[in-house]
*Asks:* 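Below is one structure. I have some questions about it.
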Amino acid sequence: MRGLEQTSLPLYQQLQRALREAIDKRIFGPDEALPAERQLAADLSISRITVRKAIDGLVDEGLLVRRPGSGNFINTRIEKNFAKLTSFSEDIRARGRTPKSVWLKRSEGTVTPEEALRLRLSPGAPVYRFNRIRFADDIPMCIEYATIVAGALPSLEAVDVSMYEALEKTGHRPVRALQRLSALLLNAEQAQLLQTKEGDAGLAVERLGFVRDGRAVEFCRSIFRGDMYDFVAELSTP
């Protein structure tokens with residue numbers, strides 16, 4: 001990693017920026033250890049206190065993880081802020097990784113009784129269904145089963161990598177959602193799709209997304225790998 005630049009930023013912030021750029025450019029790979037703090041301080045001619053402050057901030061952001069006795073590592077786990085309505089693709093890109101999907105099924109149909117109840121649609125209302133495996137780089141992260149009100153998209157082919165980007169183009173991106181998180185053990189089919197083991201811990205997330213005028217347009221159920229995904233929320237007193 002090159003030396004720090006001459007800017008008005010405090011040294012620890014310069015180091016944080018340099019480390020973020022190095023991670024984004026894959027100079028450090030997923031789950032790879034950073035150079036020791038002592039080595040970084042010597043290479044960059046700064047104090048170990050400055051290095052520690054910079055790394056503390058990146059640990060707080062979730063970009064790095066400390067392993068006692070082993071060092072500081074690139075965090076391969078993905079943090080999802082439960083208080084922010086962002087797409088899977090946005091979450092993955094924010095971590096400097098590349099989102100992609102493998103389609104399991106895309107189909108047109110009419111609402112099931114459960115979908116009609118959740119989406120507040122009449123029986124027989126048309127919907128699009130999108131079932132796929134979502135990846136961060138080449139690591140499968142979750143299985144997604146999404147049902148979208150047909151009027152919110154021009155066609156099945158409108159969705160490429162990001163469903164929310166497709167919905168935004170038509171003015172139907174959700175601005176509010178109700179989400180429910182529950183724990184589960186992956187069954188054999190889920191484990192095979194996620195390249196893990198049957199019985200491993202997983203997380204089931206149901207999301208009902210609403211557009212600005214209050215209409216529900218999205219009902220999605222996703223199964224996440226419990227070893228790769230963390231859900232966090234900021235809490236405050238009333």
*Asks:* Please answer whether the main-chain N or O of N131 pairs with a side-chain N or O of R106 as donor and acceptor at a distance below 3.5 Å.
*Replies:*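 Between the backbone of N131 and the side chain of R106 there is no qualifying donor-acceptor contact (under 3.5 Å).
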*Asks:* Counting neighbours of CG on L104 that are heavy atoms of other residues, nucleotides or ligands and sit closer than 6.0 Å, is the number greater than 12?
*Replies:*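 Atom CG in L104 is crowded, with more than 12 foreign heavy atoms closer than 6.0 Å.
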*Asks:* So, does D200 use its side chain to make a donor-acceptor pair with the main chain of K197 at under 3.5 Å?
*Replies:*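 Checking the backbone N and O of K197 against the side chain of D200, a donor-acceptor pair under 3.5 Å is found.
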*Asks:* May I ask you to decide whether D56 forms a salt bridge with R66, counting only side-chain N to carboxylate O separations under 4.0 Å?
*Replies:* yes
*Asks:* Does K80 count as lying over the ring of F231, i.e. NZ or CZ under 6.0 Å from the six-ring centre, within 45 degrees of the axis?
*Replies:* no
*Asks:* Determine whether a donor-acceptor pair (N or O, by modelled atom type, separation under 3.5 Å) exists between the side chain of T170 and the backbone of A152.
*Replies:* yes
*Asks:* Does one side chain, of N187 or E198, offer a donor that lies under 3.5 Å from an acceptor on the other?
*Replies:*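 No.
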*Asks:* Does any N or O in the side chain of Q14 come within less than 3.5 Å of the main-chain N or O of L9, such that one atom is a donor and the other an acceptor?
*Replies:* yes
*Asks:* Could you tell me whether the side chain of E21 and the main chain of A18 form a donor-acceptor pair under 3.5 Å?
*Replies:* no
*Asks:* CZ of R120: more than 12 outside heavy atoms within 6.0 angstrom?
*Replies:*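 Not buried by this count: 12 neighbours or fewer within 6.0 Å.
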*Asks:* Answer yes or no: is there a donor N or O on one side and an acceptor on the other, between the side chain of S122 and the main chain of A125, under 3.5 Å?
*Replies:*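 Side chain of S122 to backbone of A125, a donor-acceptor pair under 3.5 Å: no, none is there.
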*Asks:* Give a yes or no on whether I148 and L156 share a hydrophobic cluster (residues Ile, Leu, Val, Met, Phe, Trp, Tyr; joining criterion: side-chain heavy atoms under 4.5 Å apart).
*Replies:* yes
*Asks:* Count the heavy atoms of every other residue, nucleotide or ligand shown that sit under 6.0 Å from CD of Q192, and state whether that count exceeds 12.
*Replies:* no
*Asks:* Out of curiosity, Q190 CD to L185 CG, how far, rounded to the nearest 0.5 Å?
*Replies:* 10.0 Å
*Asks:* Flag yes if more than 12 heavy atoms outside R212 fall under 6.0 Å of its CZ atom; otherwise flag no.
*Replies:*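 Count not over threshold, so no.
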*Asks:* Ion pair present between E165 and R173, side-chain N to carboxylate O less than 4.0 angstrom?
*Replies:*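 So E165 does not pair with R173 through a salt bridge.
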*Asks:* Does a side chain donor of either R134 or S101 reach within less than 3.5 Å of an acceptor in the other side chain?
*Replies:*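 Yes, a side-chain donor-acceptor pair sits under 3.5 Å.
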*Asks:* Between the main-chain N or O of Y145 and the side-chain N or O of R132, is there a donor-acceptor pair closer than 3.5 Å?
*Replies:*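 Looks like no, no N/O pair under 3.5 Å.
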*Asks:* State whether K100 and D138 are salt-bridged, where the test is any N-O pair (Lys NZ or Arg NE/NH1/NH2 against Asp/Glu carboxylate O) under 4.0 Å.
*Replies:*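 Salt bridge flag = yes for D138 with K100.
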*Asks:* Hey, is E115 close enough to R129 for a salt bridge, meaning N to O under 4.0 Å?
*Replies:*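 Salt bridge between E115 and R129, a charged N being under 4.0 Å from a carboxylate O: yes.
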